[in-house]
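Everything below concerns the one structure shown next.
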There are 2 protein chains.
Amino acid sequence: MMVKITDVARRAGVSPSTVSYALSGKRPISDETKRRVEAAIRELGYRPHAGARALASSRSNVLALVIPLRAGIHVPVVMQFAVSVVTSARRHDHDVLLLTQEEGEDGLRRVADAALVDALIVMDVQLRDPRLPLLRSLDRPSVMIGFPLESEGLTCVDLDFKAAGELCVERLAGLGHRVVALVGSPPEVYVRGTAFAQRVVQGFTAAAHRSALASSVHPCEATPAAARRLAERLLREHPALTGVVVHNEAVLEPLIDAFEQLGLRVPADLSVTAICPDETAAALRVPVTSVALPSAELGERAVELLMQKLTGTAVPQETLLAPHLTERASTAPRLA
Amino acid sequence: MMVKITDVARRAGVSPSTVSYALSGKRPISDETKRRVEAAIRELGYRPHAGARALASSRSNVLALVIPLRAGIHVPVVMQFAVSVVTSARRHDHDVLLLTQEEGEDGLRRVADAALVDALIVMDVQLRDPRLPLLRSLDRPSVMIGFPLESEGLTCVDLDFKAAGELCVERLAGLGHRVVALVGSPPEVYVRGTAFAQRVVQGFTAAAHRSALASSVHPCEATPAAARRLAERLLREHPALTGVVVHNEAVLEPLIDAFEQLGLRVPADLSVTAICPDETAAALRVPVTSVALPSAELGERAVELLMQKLTGTAVPQETLLAPHLTERASTAPRLA
DNA sequence: CTGAAAGCGCTAACAT
DNA sequence: ATGTTAGCGCTTTCAG
């Protein structure tokens with residue numbers, strides 16, 4: 001039934017260890033021998049037993065990926081990230097074990113201690129994430145997506161949200177806009193302390209200052225009704241407003257709809273930039289100029305960092321991905 | 001560093017095998033002994049080595065989940081399904097390895113032959129899926145989400161899409177509507193032979209016939225523009241139309257928008273029912289009466305079926321989940 | 001009800 | 001450049 005390494009060795013006329021080394025490349029094998037081993041493997045359809053391997057080498061070649069479930073996270077982004085992690089992991093001959101946030105810290109400890117996985121990727125890290133001490137205590141490397149308050153001894157990677165906020169403002173400033181507003185994530189996102197939301201605010205505010213723009217910040221629930229109310233309020237309280245930065249994919253469309261129903265044309269009367277996945281930005285009725293949320297690139301970087309750590313290479317504690325802005329139909333120069 | 005079963009055994013004053021049996025329950029252990037073993041496990045923080053276990057027992061306690069990537073599949077549905085599979089698997093003490101469709105048949109063979117997983121769940125099965133013969137040939141059980149043309153020797157589970165189509169029509173018929181249309185998936189979905197799309201058409205058509213309704217079927221691209229064009233065409237070619245069944249989440253909102261802009265009020269002039277996730281239906285501007293796409297339930301059933309197969313229990317070759325319709329704001333009796 | 005001991009299939013010293 | 005062999009940590013006969 002099952003072909004084992006000794007079967008391959010016998011067929012190739014070599015010892016089991018030679019087969020093992022031919023497979024791993026951990027010591028030089030003559031071309032001739034390698035050829036014979038490879039032939040035997042092919043002919044017998046040999047596939048090393050993962051468990052046996054893990055036991056003997058203390059490497060499972062499996063990464064854990066912890067995905068978030070909570071409200072306010074954008075599902076397609078998570079999915080794209082997960083797919084990217086799987087794809088990247090496979091390029092490094094690793095597989096991916098899927099865990100949900102729900103399992104919590106116990107889940108992390110479980111798969112790490114059982115040697116089920118060699119390393120972990122944790123998404124949606126909070127400023128004071130309870131998993132931080134755990135990750136530090138594990139004997140396996142990990143990478144976090146997102147920045148906690150204190151990342152000492154850990155590795156994290158994320159889009160540079162501060163720079164993204166700045167980029168959006170600078171674009172609007174460059175087009176001549178003088179009064180701008182940030183439509184942010186739902187209030188609870190700020191309350192529970194998600195770093196990226198606050199970083200956007202910092203970048204937005206700092207850049208507005210530098211460019212001497214009048215600016216204001218407005219968290220917004222992820223509902224069309226909330227978007228509508230906010231649009232009305234903005235027009236009432238900031239009549240000179242001509243530029244909006246949106247960091248909340250759920251309200252992007254309803255917000256633009258609301259503005260237009262209130263008599264403002266996008267981009268003629270109002271320019272809009274957003275921080276969101278490119279697909280979202282491009283699929284809207286009015287395609288929106290946006291800074292991409294590079295989930296695929298993030299997944300790739302996370303895996304790459306883990307692979308380095310697994311080989312003992314030192315990696316930077318914090319990795320920030322530079323933001324990229326794509327011009328679309330929602331921005332225009334301010335009318336004189 | 002690592003606590004092993006012999007450490008626990010020594011501490012508890014028993015043999016390793018007793019610890020093993022206390023953990024697995026595969027043979028009776030006296031209460032007193034079990035207590036001591038459990039105490040030792042807790043005190044030492046013992047966690048069985050997954051690889052060693054897999055090697056000795058030829059059970060990895062890991063399931064493979066293959067998720068689709070292609071266009072036209074609704075991401076949140078896949079995600080919810082995946083989460084449900086992970087959650088259900090954990091209840092049965094199993095973990096989930098995530099594979100992408102991209103890896104194809106080789107990926108399935110790889111994880112199965114390497115004994116990385118005990119069983120497989122394959123999503124998005126096509127009518128003539130190339131993975132069918134492979135799944136039949138593997139020595140590990142599998143469950144497919146969706147129905148192929150020929151499921152002999154395999155196990156599949158899905159929503160009863162035919163009944164779902166019928167249910168939508170019957171609801172409209174019951175409200176007095178006499179002329180109905182089905183707005184379906186994009187043409188390529190039918191072309192590549194996805195069973196569920198065709199089953200909806202079958203159910204829709206059959207039920208319309210039984211209720212003596214005038215009916216027509218219209219595939220639709222997943223873009224707002226296509227939705228708009230289709231709405232115009234429907235009004236032009238079927239002026240007496242008062243009931244629409246939508247099986248295409250992407251165009252649900254734009255379609256209703258288009259109808260309203262063309263002067264039809266929903267539900268006053270036009271009743272709409274849909275087959276889509278409940279969250280989608282409920283979140284729309286006009287909450288839509290819908291048959292739920294029960295991804296969570298599907299995931300649970302898939303895992304349950306696999307667990308049965310793993311214990312050697314026979315399971316039905318095909319499992320159809322009964323559709324459930326939830327009344328919302330998009331349906332009303334036809335005006336006399 | 002419990003122990004002793006033989007592997008599970010592979011890797012990685014240790015040999016030569 | 002290759003072979004020999006001792007485990008890796010656990011489960012599961014086989015014995016009692």
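Chain identifiers are assigned alphabetically (A, B, ...) following the order of the sequence lines, protein sequences preceding nucleic acid strands; residue numbering begins at 1 within each chain.
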Side chain [X], main chain [Y], donor-acceptor under 3.5 Å:
X        : Y        : value
B/His74  : B/Pro76  : no
B/Ser137 : B/Leu134 : yes
A/Ser30  : A/Thr33  : yes

Compute the bend angle of the helix from C/dC1-D/dG16 to C/dT16-D/dA1 from the end axes (five pairs per end), rounded to 10°.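 Overall, the helix from C/dC1-D/dG16 to C/dT16-D/dA1 bends by 30° from one end axis to the other.
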Give me the residues of residues 35-64 of chain A where at least one heavy atom lies under 4.0 Å from an atom of DNA chain D, by number, or none.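 Here the set is A/Leu55, A/Ala56.
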If you restrict it to nitrogen or oxygen atoms, what contacts under 3.5 Å exist between nucleotides 1-4 of chain D and the protein, and what is each distance?
from	atom 1	to	atom 2	distance (Å)
D/dT2	OP1	A/Ser30	OG	2.8
D/dT2	OP1	A/Thr33	OG1	2.3
D/dT2	OP2	A/Ser30	N	2.7
D/dT2	OP2	A/Ser30	OG	3.4
D/dT2	O4	A/Arg27	NH1	3.0
D/dG3	OP2	A/Ser15	N	2.8
D/dG3	OP2	A/Ser15	OG	3.3
D/dG3	OP2	A/Thr18	OG1	2.8
D/dG3	N7	A/Ser17	OG	3.4
D/dG3	N7	A/Arg27	NH2	2.8
D/dG3	O6	A/Arg27	NH1	2.6
D/dG3	O6	A/Arg27	NH2	3.3
D/dT4	O4	A/Ser17	OG	2.9

To the nearest Å, how far apart are A/Ile5 CD1 and D/dG7 C1'?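 After rounding, the gap between these two atoms is 15 Å.
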Please give, in whole Å, the distance from D/dG9 C1' to B/Asp7 CG?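 Atom CG in B/Asp7 sits about 10 Å away from atom C1' in D/dG9.
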Tell me every residue that passes salt bridge (Lys or Arg N to Asp or Glu O under 4.0 Å) with B/Asp129, counting only those two or more places apart in sequence or in another chain.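 B/Asp129: salt bridge (Lys or Arg N to Asp or Glu O under 4.0 Å) contacts with B/Arg131.
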Could you list all the salt bridge (Lys or Arg N to Asp or Glu O under 4.0 Å) pairs where at least one residue sits in [range], not counting sequence neighbours?
range                       : result
residues 143-159 of chain A : none
residues 30-39 of chain A   : A/Glu32-A/Arg35, A/Glu32-A/Arg36
residues 296-320 of chain A : A/Arg91-A/Glu300

Can you tell me if CD on B/Gln101 sees more than 12 non-hydrogen neighbours from other groups inside 6.0 Å?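 Yes, the 6.0 Å shell around CD holds more than 12 heavy atoms from other groups.
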Scan the side chains in residues 6-16 of chain B for donor-acceptor partners under 3.5 Å anywhere in the protein, sequence neighbours excluded, and list what turns up.
from	atom 1	to	atom 2	distance (Å)
B/Asp7	OD2	B/Lys4	N	2.9
B/Arg11	NE	B/Glu43	OE1	2.8
B/Arg11	NH2	B/Glu43	OE1	2.6
B/Ser15	OG	B/Ser17	OG	3.0
B/Ser15	OG	B/Thr18	N	3.4
B/Ser15	OG	B/Thr18	OG1	3.2

Residues that A/Thr313 engages under side-chain hydrogen bond (donor to acceptor under 3.5 Å, both in side chains), provided they are two or more places apart: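 So A/Thr313 forms a side-chain hydrogen bond (donor to acceptor under 3.5 Å, both in side chains) with A/Thr311.
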Can you list everything that forms a side-chain hydrogen bond (donor to acceptor under 3.5 Å, both in side chains) with A/Asp118? Sequence neighbours excluded, please.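 Testing A/Asp118 for side-chain hydrogen bond (donor to acceptor under 3.5 Å, both in side chains), a comparison that skips the adjacent residues, returns A/Ser60.
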Student check: side-chain heavy atoms of B/Ile5 and B/Ser20 closer than 4.5 Å: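 Side-chain contact under 4.5 Å: yes.
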I'd like the 5' and 3' limits of the part of DNA chain C contacted by chain A, with heavy-atom contacts below 4.0 Å.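 That gives a stretch of C/dG9 to C/dC14.
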Applying ring-ring contact (aromatic ring centres under 6.0 Å, His included), which residue pairs with at least one partner in residues 7-27 of chain B are found, sequence neighbours left out?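 Every candidate ring-ring contact (aromatic ring centres under 6.0 Å, His included) pair involving residues 7-27 of chain B fails, so no pair, neighbours aside, qualifies.
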